[in-house]
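On a predicted model such as this, the values are computed, not experimentally measured, just so you know.
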Amino acid sequence: MNHITTADDFPTVIDAMRFHSAEIDRIAELPKEEALREMDKLEVFTLSIVARIEREKGGELA
C-alpha cells in the first residue's frame, strides 16, 4: 500500500475485503521491518472496512 486506501475507494465491501486479502499475501513476502510498516497501514484500512459495514447497516460506531 503505497498510499492509505479506504474501503470507500471500492465499489463494494466485498471488493475491499478482496483487496485486504491480497495485501496480506503481499505483505507476507516482505522483509520484517517493511512488513510491520505495511501492517500498520493495513490496520487503518481494516478499520475503514468496519466503518463502511456499520454505515451500510445503518448503525453507528461507538
Side-chain angles (χ1 to χ4, degrees):
M1 292 178 72
N2 292 332
H3 61 285
I4 295 177
T5 305
T6 70
D8 294 330
D9 294 331
F10 294 86
T12 68
V13 170
I14 297 299
D15 290 328
M17 293 173 77
R18 285 185 182 129
F19 174 79
H20 180 271
S21 179
E23 281 296 289
I24 289 172
D25 292 341
R26 183 186 69 80
I27 291 169
E29 301 296 322
L30 297 174
K32 184 177 180 178
E33 290 302 315
E34 186 177 355
L36 291 173
R37 285 190 301 272
E38 290 294 306
M39 287 301 291
D40 286 342
K41 295 176 190 174
L42 194 58
E43 181 179 14
V44 171
F45 181 73
T46 303
L47 293 173
S48 78
I49 292 173
V50 172
R52 180 168 174 180
I53 290 169
E54 286 297 317
R55 279 195 318 274
E56 289 182 3
K57 283 181 12 184
E60 260 186 51
L61 293 175

Review point. Could you walk me through whether R37 and D40 pass the salt bridge (Lys or Arg N to Asp or Glu O under 4.0 Å) check?
Key: CA-CA 5 Å; R37 285 190 301 272; D40 286 342; over 6 Å; no

**Study point:** Basic-acidic side-chain contact under 4.0 Å: E38, R26
**Key:**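 Yes.
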
Practice item. Kindly compute the distance separating OG1 (T46) from NZ (K41), expressed to the nearest 0.5 Å. Key: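 The distance works out to 14.0 Å.
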
**Study point:** Minimum heavy-atom distance between S48 and A7, given as atom pair plus value
**Key:**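 Residues S48 and A7, closest heavy atoms: OG-N, 2.9 Å.
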
Practice item. Heavy atoms only: give me the nearest T12-R52 pair and the separation to one decimal. Key: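 Looking at all heavy atoms of both residues, the closest pair is CA-NH2, 3.6 Å.
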
Review point. Do I24 and L36 share a hydrophobic cluster, counting only Ile, Leu, Val, Met, Phe, Trp and Tyr and linking them when any side-chain heavy atoms are less than 4.5 Å apart?
Key: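 Per the 4.5 Å side-chain linkage, I24 and L36 are not co-clustered.
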
Practice item. Could you state whether F19 and L30 fall into the same hydrophobic cluster, counting links through intermediate Ile, Leu, Val, Met, Phe, Trp or Tyr residues with side-chain heavy atoms under 4.5 angstrom apart? Key: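 Both belong to a single hydrophobic cluster.
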
Exercise for review: If the plane angle is over 60° it's perpendicular, under 30° parallel, otherwise tilted; pick one for H20 and F45.
Suggested key: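 H20 and F45: parallel rings.
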
Review point. Within a strict 4.5 Å, meaning less than it, do heavy atoms of the T5 and E23 side chains meet?
Key: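 Result no, sub-4.5 Å side-chain heavy-atom pair not found.
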
Exercise for review: Look only at the side chain of D9 and the backbone of T6, and say whether a donor-acceptor pair between them is shorter than 3.5 Å.
Suggested key: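 Flag set: sc D9 to bb T6 pair under 3.5 Å.
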
